[in-house]
Amino acid sequence: MLLCRPNFFFWTSKQRLNFHLFSTVPNPRLPSPLSSLPPTPGITQIKQAHARTIVFGLANDGRITPHLLAFLAISSSSLPSDYALSIYNSIPHPSVFATNNMIRCFVKGDLPRHSISLYSHMCRSFEVAPNKHTLTFVLQACSNALAIREGAQVQTHVIKLGFVKDVFVRNALIHLYCTCCRVESAKQVFDEVPSSRDVVSWNSMIAGFVRHGQISDAQKLFVEMPEKDVISWGTIISGCVQNGELEKALDYFKELGEQKLRPNEAILVSLLAAAAQLGTLEYGKMIHSIADSLRFPMTASLGTALVDMYAKCGCIDESRFLFDRMPEKDKWSWNVMICGLATHGLGQEALALFEKFLTQGFHPINVTFIGVLTACSRAGLVSEGRHFFKLMTDTYGIEPEMEHYGCMVDLLSRAGFVYDAVEMINRMPAPPDPVLWASVLGSCQVHGFAELGEEIGNKLIQMDPTHNGHYVQLARIFARLRKWEDVSKVRRLMAERNSNKVAGWSLIEAEGRVHQFVAGDKEHERTTEIYKMLEIIGVRIAAAGYSANVTSVLHDIEEEEKENAIKEHSERLAIAFGLLVTKVGDCIRIIKNLRVCGDCHEVSKIISQVFEREIIVRDGSRFHHFKNGSCSCQDYW
DNA sequence: GACGATATAG
């Protein structure tokens with residue numbers, strides 16, 4: 001039987017692919033243990049083939065087992081390295097081919113240090129000499145392990161063994177230096193032997209520049225490169241997105257379309273991330289329709305990017321609709337959906353989904369608990385929040401990060417457990433972010449813990465003297481205590497230190513464009529109409545019983561704000577513009593960088609009723625859905 | 001006998 005398998009051992013996986021294409025029925029006269037494997041088999045298929053080699057008595061055949069390792073290295077499944085190692089160890093005198101593939105298996109199994117050890121063992125034993133493949137794989141391991149010293153040592157081997165002109169090896173070196181923050185060294189490798197450069201060298205170098213924020217160098221190289229492939233386009237587009245050059249990313253995408261090139265999934269995912277970041281729904285929808293029209297399969301990655309985009313653009317229903325219909329979901333799909341529901345204030349739904357996530361056998365990660373704790377915080381579920389925090393650390397062994405503490409401190413202090421929140425901050429292993437204290441300070445102001453607030457306010461001003469908000473909060477607390485001298489002292493300090501507010505902006509999409517407003521903005525082409533609309537709003541909401549939320553207690557400190565800031569806050573301008581471009585029953589979507597102020601929140605509620613519009617606002621930390629005079633956050637934010 | 005480069009989620 002064995003004699004009927006001419007040349008089997010020398011088939012490459014590519015040749016085998018052709019074999020499968022041309023003969024739809026496998027030849028029963030060739031019962032090879034590996035012949036039925038597809039080009040990139042899954043782990044189960046490989047194990048079955050392995051079982052067949054054992055059945056055929058070929059388990060120790062030095063010509064078959066290295067191929068098993070090669071299949072494991074390119075397998076479509078994730079890899080248990082100990083299984084590969086047991087096969088490797090069964091080979092009495094491993095060839096360089098076998099060892100190379102074992103090195104690859106360790107890389108794939110996320111054990112790059114093992115790859116490096118095996119390589120150094122190979123060098124020391126002198127049984128077989130490393131070849132160009134060995135060097136490529138071990139350099140890849142060094143990149144994954146961020147092992148720059150070992151990598152540099154391998155570079156000396158590259159010289160010694162005479163592979164300096166091998167383009168694969170050179171590219172592996174470029175990649176290594178780029179991942180280890182040595183862009184200059186990478187550029188040196190890139191420049192040294194221009195004849196040993198191909199499109200991958202250029203792509204790697206561009207990616208290196210992108211990763212280090214040198215986006216203009218990346219763009220320069222992109223323009224210079226002799227030929228571009230779809231990965232070059234993907235690299236530059238995602239690079240622009242990562243560096244906040246979202247318009248530029250869109251320009252490149254247009255150019256790609258003009259050249260009649262088909263984008264790949266990575267490009268669409270990057271662009272969806274850009275839309276999500278900006279909150280530009282129309283733009284996100286456009287990418288979605290491109291994905292549909294090009295018949296991209298709904299993979300977990302693409303689906304997750306869409307779910308995230310819709311959630312971040314305020315369409316939580318659409319986001320959930322897509323999530324429920326995704327044919328394949330991974331842990332990230334669930335995490336994104338849980339966090340999306342939580343930021344939209346749908347705490348109970350988020351927690352229900354978390355339960356489902358667990359019953360599906362997924363293992364929660366740090367991000368999952370950020371969603372879960374945010375959900376508890378938004379829904380005011382204090383005991384549940386405490387329970388999940390404990391579950392995270394005790395059951396799942398996840399070390400709480402600043403964000404987890406942030407959620408807990410927020411949860412406790414909002415609910416009035418201000419001293420518990422302080423205790424939690426004091427128990428933290430790392431120095432707390434000022435944001436945590438600021439959140440407690442806010443609650444002190446709301447819940448009337450004046451002395452504690454005074455203490456925290458002073459502490460915050462010391463920690464972060466340029467932050468305007470701390471002074472304002474502290475002044476409010478003094479005002480509550482009627483310590484007017486202290487109020488003016490704080491205000492003087494604020495002026496002296498020239499502490500500045502982060503410039504607030506609001507944006508709204510309309511007529512195929514993004515319109516951005518800052519407070520008191522007069523730049524927009526429809527400024528006159530907008531300010532007229534503000535007046536109309538003033539009259540109509542007053543008729544509905546609104547009076548400005550500037551209480552007598554605060555009167556002393558917020559005179560200017562009362563006049564300018566409140567009335568002409570960027571979101572008021574955006575809403576006024578939104579009213580101009582929409583009709584009754586429509587939805588106005590606004591994205592803000594800062595949190596909504598109390599007065600704007602109140603006004604938005606009334607506008608939603610008086611003008612019969614739904615207003616969806618994404619602020620610095622959450623979503624507000626204003627409808628029929630009330631908000632989804634139930635005034636709890 | 002085989003190698004390399006791009007993406008997202010708080």
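Model, not experiment: these values are computed from the prediction. So you know, we letter chains A, B, ... as the sequences are listed, proteins then strands, and number each from 1.
Taking atom CE of residue A/Met225 and atom P of nucleotide B/dA5, one finds them 15 Å apart after rounding to whole Å. Taking atom CD1 of A/Ile103 as the reference point, atom P of B/dC3 lies 15 Å away to the nearest angstrom. For A/Leu135 and B/dA2, the CG to C1' distance is 14 Å, given to the nearest whole Å. For the pair A/Trp334 CH2 and B/dG10 P, the interatomic distance rounds to 18 Å; values are reported in whole Å. Rounded to an integer number of Å, the gap from A/Glu227 CD to B/dA5 C1' is 13 Å. Between A/Asp198 atom CG and B/dC3 atom P there is a gap of 15 Å when expressed in whole angstrom units. In this structure, A/Arg378 atom CZ and B/dG10 atom C1' are separated by 11 Å, rounded to whole Å. As rounded to whole Å, 19 Å separates atom P of B/dC3 from atom CZ of A/Phe106.
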What's touching nucleotides 7-9 of chain B from the protein side, N or O pairs under 3.5 Å?
{"from": "B/dA7", "atom 1": "OP1", "to": "A/Gln242", "atom 2": "NE2", "distance (Å)": "3.3"}

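Looking only at distances, no side-chain donor or acceptor of A/Lys187 sits under 3.5 Å from a matching main-chain atom of A/Phe209.
For A/Asn101, counting side-chain heavy atoms from C-beta on, the closest listed nucleotide (B/dG10, B/dA2, B/dA5) is B/dA2. In this structure, of B/dC3, B/dT6, B/dA2, it is B/dC3 that holds the atom nearest to the side chain of A/Thr136. Of the candidate nucleotides B/dG1, B/dG10, B/dT6, B/dG1 has the atom lying nearest to any side-chain atom of A/His67.
Between the CG atom in A/Leu281 and the CZ atom in A/Arg618 there is a gap of 11.0 Å [rounded to 0.5 Å].
Within 4.0 Å (heavy atoms only), A/Arg104 reaches sugar-phosphate atoms of the nucleic acid but no base atom. Contact annotation for A/Asn366: no contact, since no heavy-atom pair falls under 4.0 Å across all strands. At the heavy-atom level, A/Lys132 lies under 4.0 Å from base atoms of the strands shown.
A/Glu245 places a side-chain heavy atom less than 4.5 Å from the side chain of A/Gln219. In this structure, the side chains of A/Trp334 and A/Phe323 come closer than 4.5 Å at one or more pairs of heavy atoms.
Between A/Trp233 and A/Phe222, the gap from one ring centroid to the other is short of 6.0 Å.
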Take A/Tyr88 and A/Thr99 through the side-chain hydrogen bond (donor to acceptor under 3.5 Å, both in side chains) test and state the conclusion after the steps. CA-CA 8 Å; A/Tyr88 180 69; A/Thr99 306; 2.9 Å; yes
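Counting distance only, with no hydrogens placed and no angle test, the side-chain atoms of A/His133 and the base atoms of B/dG1 include no donor-acceptor pair under 3.5 Å.
Between A/Glu349 and A/Arg320 there is no salt bridge, since no side-chain nitrogen of the basic residue lies less than 4.0 Å from a carboxylate oxygen of the acidic one.
Both geometric conditions, a ring-centre gap below 5.5 Å and a plane tilt below 30°, are fulfilled for A/Phe97 over the base of B/dG1.
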